[in-house]
Structure formats: C-alpha cells, structure tokens
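Throughout, protein chains are lettered first and strands after them, A, B, ... in sequence-line order, and every chain is numbered starting at 1.
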2 protein chains.
Amino acid sequence: MRRRSNVAETAPDIATLTRPGAGPLYAQVHAGIIQRIVAGVWKPGKLLPSEGRLAEEFGVSQGTVRKALDALAAENLVLRQQGKGTFVAAHTPERALFHFFKIIGDDGSHQLPTGRILSCARRRPSQEETQKLALAPGAKVIHIQRVRDLAGRPAIVEKVVVPARLFPDLGQPSPDTLPNTLYKLYEEKYGVTVAQAIERLRAVAARKNEAALLNVPVGAPLLEVERIALTLDRTPVEWRVSHCDTRGHHYLATVV
Amino acid sequence: MRRRSNVAETAPDIATLTRPGAGPLYAQVHAGIIQRIVAGVWKPGKLLPSEGRLAEEFGVSQGTVRKALDALAAENLVLRQQGKGTFVAAHTPERALFHFFKIIGDDGSHQLPTGRILSCARRRPSQEETQKLALAPGAKVIHIQRVRDLAGRPAIVEKVVVPARLFPDLGQPSPDTLPNTLYKLYEEKYGVTVAQAIERLRAVAARKNEAALLNVPVGAPLLEVERIALTLDRTPVEWRVSHCDTRGHHYLATVV
DNA sequence: GAGTGGTCTAGACCACGCT
DNA sequence: GCGTGGTCTAGACCACTCT
C-alpha cells in the first residue's frame, strides 16, 4: 500500500482486501475496515485490533490508521474508548433511542415506543417497493405492520418492508416474536447492520385505518416519516413508512 | 499555552484570548478561532491566516492547528481550499439552499423559495417568545410574516421573530426591502452569524389564515417546522415557525 | 505494569492556485 | 516559483483500564 518515497521500503503489502492506489491511504484503510466489518471478520460489539496492529496489517503508520478510525467514529460506525480499545458499533437500545429514533416528547423526553404487531406477511413487492429497495426481478418482501405507543397512547402506525432474501424467516414462527427494536434483530440474527437512514417528512391526512388505530378523526394531520435504511455498504435493506400523531411529540433535527 | 515538557521552551504565550489550561490545546485553538470570528477579527468570507501563522500566534504546532481547523470545517464554520487557504464560512445563497433549507421537491430538486412579506412590526414579545429567544425583561422583538412560493405556488407561511436589540432597523424603511435570504442580511448588515439551528417538526391542521394564504382547505395537514437559530456562541437569535404544504415537497433528513 | 487510545510535535513530500 | 492546504510518517508523553 506504500506509494510515496517518503519512507524506507520495509514490509510488502499483506492486507490486500482493498484496491491499492485508490485515493489517500487513510481512505483505503477506512474502506478496508468497513469491508472487514461487512465481511464479518469483525462483528458488531467486538473489539478491533489496536491501532498499532492495524497499522501493521495495512502497512501504514499508526497516524494514518488513527485518521481512518476517527472518521469511522464520527460516522458512528465504531466506538473508541481510551484504555480499552475500539469497538464495532452495535445496535443497543440506546443507539436506537438516541440515533435512530428522532421523535421526542415536547418536554424533551426520550422514550422508545412499545409496539404491537398487526400483521406480518411474505408477498410480492409493489413496483414502488421494488424501486425503493432496489430489488431484483422476482424477489419477495416481508411486510410488517405495527402500532407503537408513546406516553401510553397509540401514536405511530408503521409499515416496514424488507427483502425476504436477507431475512428468510423474519416473523416466524409467530409475528409476536418480533422484538421492539428491529435493527438489533437484523444485526444479531441476520448479520445485517443498519448504518444510516434517509428520512423524508411530510404532513398528511389520516386515512380511515390510521385514524381508527390512532384514535383520531379521519383527516387529522399526521406526520409521515418515510425512511430508507442503508447498510454499511449503502445497500437499502428496509423501507419504512410511519404515520405519527404529533400532539405531545415532535421530530427533532439539527441543522449546521 | 505550552504545558508539556515535550518541547523546548521558546516563545511566550502571545495569544491569550483563550484561558490556558482548559482542556486539550486543539480545543483551545478551536475556541480561540471562534472567539476571534465572533469578535469580528476575522469576518465571514475572509481568509484566515495560514496554518503556520496560526500555529505561531497560538504557540502550538501546525498539526494542532490543523486538528482545530479540520473540526471547524466539519462544523461548516470555515471552508478549506487547497492552494488558496482557509476562509470563514459566509451565508451564500448556496449555503442557504443546501445547509439551511431542508425542503426539497419530491423529485429531489433543490430550490430556494421566493418570498412575499405580509407584515413587519416591532412589538413586545409574548411570554413564549421571551423564553425561546432568552430575552431580557423589557426587550422588544421584530416580527415578520411572509409567504414563500415553491414551484410557482404558495407553499410556506412563515413567522420570523428576532430580538430588536440585535437588528435595530430591520425592515426599515419598508418591509419590501427585506431580502429573500435573511441570514445573509443578518450577517452582512448586523454582524450576526447564524451557525446552527434546531428544528422541531410536527403535523398540524391549517388554520383559517394559513389556509387562505396557501389556498388549501381549513384543516388541511401542514408540516410545522419550528426553528431556533443560534449564533457561533450558541446564543438564540431567531425564532421561526413555518407551515408548509407538503404536496409535492418534503423535508429531507439523514440519520446516522 | 502492560496495553490502549488521546494529545502533541517535527518534518517530509504532494497537489493545487496563483502570479 | 511560491505559498497554501493535504497526506504521511515517526516518536514522545499523557490518561485511562484492567490485571
């Protein structure tokens, strides 16, 4: 991986999962670490090799590894702890609450909603689902519907669609076995890590079934949150559309 | 600012706007640069001294200055350009469009809305305004109402409230002189730089005046975006509540 | 005390923008 | 050709965690 004449030639390249010559070394190390996580070499929650060992593996200096790890930490893909080491980020309930669930109480309180599954079925995707999830022709999807409570009241109606190929027996034997935080399940049972999501927000009028489930009048304003969840390598793995009753709650975003 | 025995003692501390001993050196340099921007030593759009000169000024190594500047660049407070230098971030139309305006067309198109001022008045703040803007007792505010068009159609009704102290003659002599991008005006005319904003989103029903202005029925769902804009030193300087017709548009957020 | 990440320095060379 | 930021290295010491 060495290119510059900056340094005496010592060890040959060992770690060649990454294509050499593709941009700065730290970027190659960054990509290489992600590749190894994707490949399952290092699993969520587990300790990475130390900076020094990674530097040896990649054939770069410790400072270059540090720059790559700092970037990964800024993206919430690894967690660095002085004195302990660097861990691959895992989907804990805390992460679900503070990173992936942006609806909080008007008093600022965070709370993870409890959930009730309405249905869970395997079926053919609609055209829209095929496009949103970049599905291959003939691929099937699993479709989950649930209602989630906030402050003890039904507040969110949610539709979750995932490719059946990645989650073969999701919701089996019974939909009631589905946990509240799906991403932890995706990660632990199916080895699929959700690393990022894109959300599109709109205000819509409650339709009949949403109104009934949320106990609001038909036509009441609901916050629609459409989310596409992406893996470490940016593959879409979940399409989720939530309709939220925002009386007493709101979606919090920060702009810089 | 030197503390470690790591290096030979050379120059005494010159730059003492920052309190010494407050955390890592790079954090002190980071804070020191922000302080100088706030103080008007370096103005938006202007070139900062080079890394080497800053290192001399602060009495640290170039690497430490680099770490501070990289952090500032990540926060969009400075702009780094290889071969040219480091510039203080300024509110260009592009920044307004891509950083501070998160509503885009359903086809992904960005466009800055045009605006029409409905009213601009100086008055006493409500209790809510006093709290949101952290106003001193007796302070006055300036209140602006406007309608903004997207795709040639009125789509956003907006209320903007700012402390009158900071913007003494805002909207004078005529409200029609107010530009479309207020933050550029705040920055250039009043020396107030908006660096960050916190937005809270809800779905609400259109009230009579909003419905009339947006040409929708009373009760139609609107996306309410409540924003508090903060300066470089985190002082709230603007409270803005927008009501958006999200047919054809949506609010885009990224979750990591 | 050993091992880890966190901070800081010093110096090299590269890539870019300008004149 | 010069000055700028961008990359990379090497090595020092500090702070923290665990045994």
**Asked** Which whole-number value in Å describes the distance from B/E51 CD to D/dT7 C1'?
**Response** 11 Å
**Flag if over 12 foreign heavy atoms under 6.0 Å of NZ, A/K184** = no
**Message:** Going by the rule salt bridge (Lys or Arg N to Asp or Glu O under 4.0 Å), which residues pair with A/R146 if we only count those two or more places apart in sequence or in a different chain?
**Reply:** A/E158
**Message:** Measure CG/A/D70 against P/D/dC8 and give the value in whole Å, please.
**Reply:** 14 Å
**Asked** Is the centre of the B/H91 ring less than 6.0 Å from the centre of the B/Y186 ring?
**Response** no
**Item:** Proximity to the side chain of A/K67 - top-ranked nucleotide from C/dC8, D/dT7, D/dT9
**Value:** D/dT7
**Item:** Side-chain N,O (B/Y26) to OP1/OP2 (C/dT7) below 4.0 Å
**Value:** yes
**Message:** Under 4.0 Å from OP1 or OP2 of D/dT9: is there any side-chain N or O of A/T64 that close?
**Reply:** yes
**Prompt:** In Å and rounded to the nearest 0.5 Å, what is the CZ to CD1 distance from B/F167 to B/I144?
**Reply:** 9.0 Å
**Request:** Return the residues of residues 72-93 of chain B meeting this criterion: a heavy atom under 4.0 Å from some atom of DNA chain C. Order them by number, or give none.
**Result:** B/Q82, B/G83, B/K84
**Message:** Let's go through A/L69 and A/R80 carefully: what are the C-alpha distance in whole Å and the side-chain angles of both, what is the deciding distance for side chain to side chain contact (heavy atoms under 4.5 Å, CB included) to 0.1 Å, and is it a yes or a no?
**Reply:** CA-CA 8 Å; A/L69 288 174; A/R80 313 199 74 186; 3.4 Å; yes
**Request:** Could you check B/V256 against A/E75 for side chain to side chain contact (heavy atoms under 4.5 Å, CB included), going step by step and ending with a plain yes or no?
**Result:** CA-CA 7 Å; B/V256 291; A/E75 300 165 86; 6.0 Å; no
**Interatomic distance, B/L69 CG vs C/dC8 P [rounded to whole Å]** = 14 Å
**Prompt:** Atom CG of B/L47 to atom C1' of D/dG5: distance rounded to whole Å?
**Reply:** 11 Å
**Rounded distance in Å - NE2 (A/H30) to C1' (D/dT7)** = 16 Å
**Gap between atoms CD and C1', on A/Q62 and D/dT7 respectively (whole Å)** = 17 Å
**Request:** Identify which nucleotide among C/dC8, D/dT4, D/dT7 has an atom closest to any side-chain atom of B/S50, counting heavy atoms from C-beta outward.
**Result:** D/dT4
**Prompt:** Can you tell me if the side-chain N/O atoms of A/R66 get under 4.0 Å from OP1 or OP2 in C/dG5?
**Reply:** no
**Message:** In whole Å, I'd like the distance from the CG atom of A/L25 to the P atom of C/dA15.
**Reply:** 12 Å
**Exam field: side chain B/R95 to backbone B/N76, donor-acceptor pair closer than 3.5 Å** = yes
